[in-house]
Amino acid sequence: MTKKMVTIGVLALQGAFIEHINHLQKAAKSAKSGSLVAGVQIKAVQVRTVEQLKSVDALILPGGESTSISLIAERTGLLVPLQEFVRIKRKPVWGTCAGLILLSDQASKATKGGQKLVGGLHVRCQRNHFGRQTESFSCDLALPFIDPNDPDDRFSAMFIRAPIIDRLLDSDTTDNFEALSLSDENVVYAPKLEADSDDRTLVEVICRLPKTLGSEADDIVAVRQGQIFGTSFHPELTSDVRLHLWWMEECVLPYLE
Amino acid sequence: MSFEKSSTPRPPVDASVVAANTSFTLKAGLAQMLKGGVIMDVVNAEQAVIAERAGACAVMALERVPADIRAEGGVARMSDPKMIKEIIDAVSIPVMAKCRIGHFVEAQILEVLGVDYIDESEVLTPADQVHHIVKHSYKVPFVCGARNLGEALRRISEGAAMMRTKGEAGTGDVTEAVKHIRQINHEIRQAAGMSDEELYVYAKDLGVSYHLLKDTARKGHLSVVNFAAGGIATPADAAMCMQLGCDGVFVGSGIFLGHNPEKRARAIVQAVTHYNDAKVLAEVSTDLGPAMVGRTVESLKETEKLARRGW
């Protein structure tokens, strides 16, 4: 029997998209028999055009420069189709680093003069939260598939000029777009869509920075809101493919027909 | 609270949980995030904002673009920290800056200024005729130029986390960049077909470590991101470098010395994303006005060639 094909796209406008394609392929191969992922055939493709976006079942928005990705998306005519993909069609999506910024309903410390967001994830994230490149770091995270009782079970995450999730917003987004002060922190907002009003899915915190990180302890670095997943770190830069496998298993396949 | 970048850095404190900040993965990782993008030379905050608005994934802060360095002559050095700080404050994208080859103190200064990448660059006048900077000990990552595989692997051994072709900066003539991309590709393909015995000899000939050469041959590409640089002036130049296998492009004098810089900058950004789509390339190449006049590489005297600098 031929397996059902599931096509996962990676937005390939700018940034580290090849790394995600490689990780998806490796993760699919590593799936244990009997799991959801092992039951389908995963195809990973680059997405640069509206036609390519139409052909995929789920999408990763990779790390890169969020300003560049959003400007190129706009000029390629992809910004509105992306908003439809995420917020109207509600297909599974995952944003890493710059991708998380694009999926957020609000972003602070944005480019002066504004940058456009795809939106859909009811959070405010703060760009370049830790500072400049010399403040980039890596640390182990207690992700859902990690066994807390096994000290050797570790997932090392790379934070590169990374954003964090600053606050969770009410799922009723009516207040989110106007009421908050927008003057000094260069906050930008995703545009409102009609379809937003019936989206009541709550944002769930998946992971925070460990307590040992001093003033950064407990900062939120991974969230999930139904079929939308966001991480502020880069799981595609290490050889560990478990988060990609977890995402397909938990956040993609259960949402497909 | 004002929009003040310098007030936020709060690095992680517990070294036992946090891997070393100097970890090479983090340095090379930032270069991976720049892939598929355009890094633009800018000489002031105003140009930096234009570059960011055009979609640049980073800017290179320097006092004079290479074409002006050529025209004016004299010793070219690291830029004034005041100008670098102004550029850092003006944009949210990564900021790179150049230091002279071998000038490890200029590099120390750039690191404390908070630049995100240092370019140890042959465009500036070399400070050391023998040694390059040992780049491992810095927290900030380095990008270096190379004309061939030997140079590239020597720079990577010294700690460079990103490479670029040298090209011939400030000419608007892409021929040297093309030569360097093809040379590196050719040498990697040659190495990939070699036995271990042959690789030991080839490593000796190139003046590089056997292990690094073998690793590169096995991968079929450099172990770090490789951008095209030097002489890129049009969207077609940029797309050509991408089709030849580069991960992204640097554009120096080509933008702000051309006609209508913002439009040209936007066009080159679109060309790098859609480098395989001739229809898009035709569209973005349309009506850009004259490109920089430039100078052909053939017309340069040997002593005028910047790519000869570095060893």
Side-chain angles (χ1 to χ4, degrees), chain A residues 12-19 48-49 62-76 97-98 108-113 115 126-140 156 158-161 184-186 209-217 234 236-238, chain B residues 1-3 5-14 16-21 23 25-30 32-38 49 52-58 88 90-95 111-112 114-117 138-141 247-248 266 269-270 272-274 276-277 280 284:
Chain A
L13 299 178
Q14 190 273 321
F17 45 86
I18 305 285
E19 288 81 349
R48 282 192 182 78
T49 64
E65 269 311 305
S66 63
T67 322
S68 304
I69 297 174
S70 123
L71 286 168
I72 298 166
E74 198 182 354
R75 290 168 196 161
T76 306
C97 196
S108 60
K109 294 215 271 175
T111 300
K112 287 172 190 173
Q115 64 183 96
Q126 188 188 48
R127 287 185 66 196
N128 300 341
H129 170 75
F130 301 95
R132 307 198 66 82
Q133 172 62 15
T134 45
E135 272 84 42
S136 292
F137 65 101
S138 72
C139 73
D140 291 346
S156 172
M158 301 286 148
F159 291 83
I160 296 177
R161 287 173 47 98
D184 46 16
E185 279 227 295
N186 282 48
L209 283 180
K211 299 244 182 281
T212 41
L213 282 188
S215 58
E216 302 299 344
H234 294 285
E236 77 283 11
L237 293 184
T238 58
Chain B
M1 201 184 119
S2 68
F3 184 62
K5 284 198 173 70
S6 53
S7 66
T8 39
R10 286 167 291 165
V13 289
D14 188 335
S16 68
V17 181
V18 181
N21 209 350
S23 155
T25 312
L26 292 172
K27 294 179 174 182
L30 178 58
Q32 286 172 275
M33 297 309 135
L34 301 173
K35 285 194 299 181
V38 183
V49 170
E52 181 178 52
R53 240 184 4 226
C57 65
I88 286 176
V91 293
S92 66
I93 56 178
V95 176
E111 182 172 46
V112 298
V115 304
D116 298 295
Y117 244 95
Y138 293 78
K139 269 186 175 179
V140 62
D247 295 309
R266 286 165 62 146
V269 169
Q270 289 300 108
V272 168
T273 296
H274 300 287
N276 261 331
D277 189 335
V280 175
V284 300

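Reminder, nothing fancy here: chain letters follow the sequence lines and each chain counts from 1.
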Q. What's the verdict on side chain to side chain contact (heavy atoms under 4.5 Å, CB included) for A:Thr111 and B:Val91, showing C-alpha distance, side-chain angles and the deciding distance?
A. CA-CA 7 Å; A:Thr111 300; B:Val91 293; over 6 Å; no
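Of the atoms belonging to A:Arg75, heavy atoms from both backbone and side chain fall under 4.5 Å from chain B. B:Val95 touches chain A through backbone and side chain together, each having a heavy atom under 4.5 Å away. Both the backbone and the side chain of B:Arg266 come within less than 4.5 Å of a heavy atom in chain A. At a 4.5 Å heavy-atom cutoff, the contact between A:Arg127 and chain B is made by side-chain atoms alone. Residue A:Thr67 touches chain B through its side chain alone, counting heavy-atom pairs closer than 4.5 Å. Heavy-atom distances place the side chain of A:Ile160, and not its backbone, under 4.5 Å from chain B. Residue A:Ala98: no heavy atom, backbone or side chain, is found under 4.5 Å from chain B. Using a 4.5 Å cut-off between heavy atoms, B:Ala28 makes no contact with chain A at all.
Counting heavy atoms from C-beta outward, B:Gln32 and A:Glu236 have side chains that stay 4.5 Å or more apart. Side-chain contact between B:Pro141 and A:Gln133 is present, with heavy atoms from C-beta onward closer than 4.5 Å.
Side-chain atoms of A:Gln14 come within 3.5 Å of backbone N or O of B:Lys35 as a donor-acceptor pair. A donor-acceptor pair under 3.5 Å is formed between the side chain of A:Arg132 and the backbone N or O of B:Gly114. Within the 3.5 Å criterion, the main-chain N or O of B:Thr273 finds a donor-acceptor partner in the side chain of A:Arg48. No side-chain donor-acceptor contact under 3.5 Å links A:Glu65 to the backbone of B:Ala56.
Interatomic distance, OG1 of A:Thr134 versus CG of B:Leu26, reported as 11.5 Å (0.5 Å rounding). Between the CE atom in B:Met33 and the CG atom in A:Leu237 there is a gap of 4.0 Å [rounded to 0.5 Å]. Note: B:Ile93 CD1 to A:Ser66 OG = 10.0 Å, rounded to the nearest 0.5 Å. Distance OG/A:Ser136 to NZ/B:Lys27: 11.5 Å, rounded to 0.5 Å. If you take CG on B:Leu30 and CE on A:Met158, they are separated by 13.5 Å, rounding to the nearest 0.5 Å.
Taking the side-chain hydrogen bond (donor to acceptor under 3.5 Å, both in side chains) definition, one finds that A:Glu74 meets it with A:Lys116, sequence neighbours left out. Applying the side-chain hydrogen bond (donor to acceptor under 3.5 Å, both in side chains) rule to A:Thr238 yields no partners; only residues at least two apart in sequence or on another chain are considered.
B:Ala54 approaches A:Leu71 most closely through the heavy-atom pair C-CD1, 4.3 Å. For the residue pair B:Gly55 and A:Ser68, the shortest heavy atom distance occurs at O-OG, 3.0 Å.
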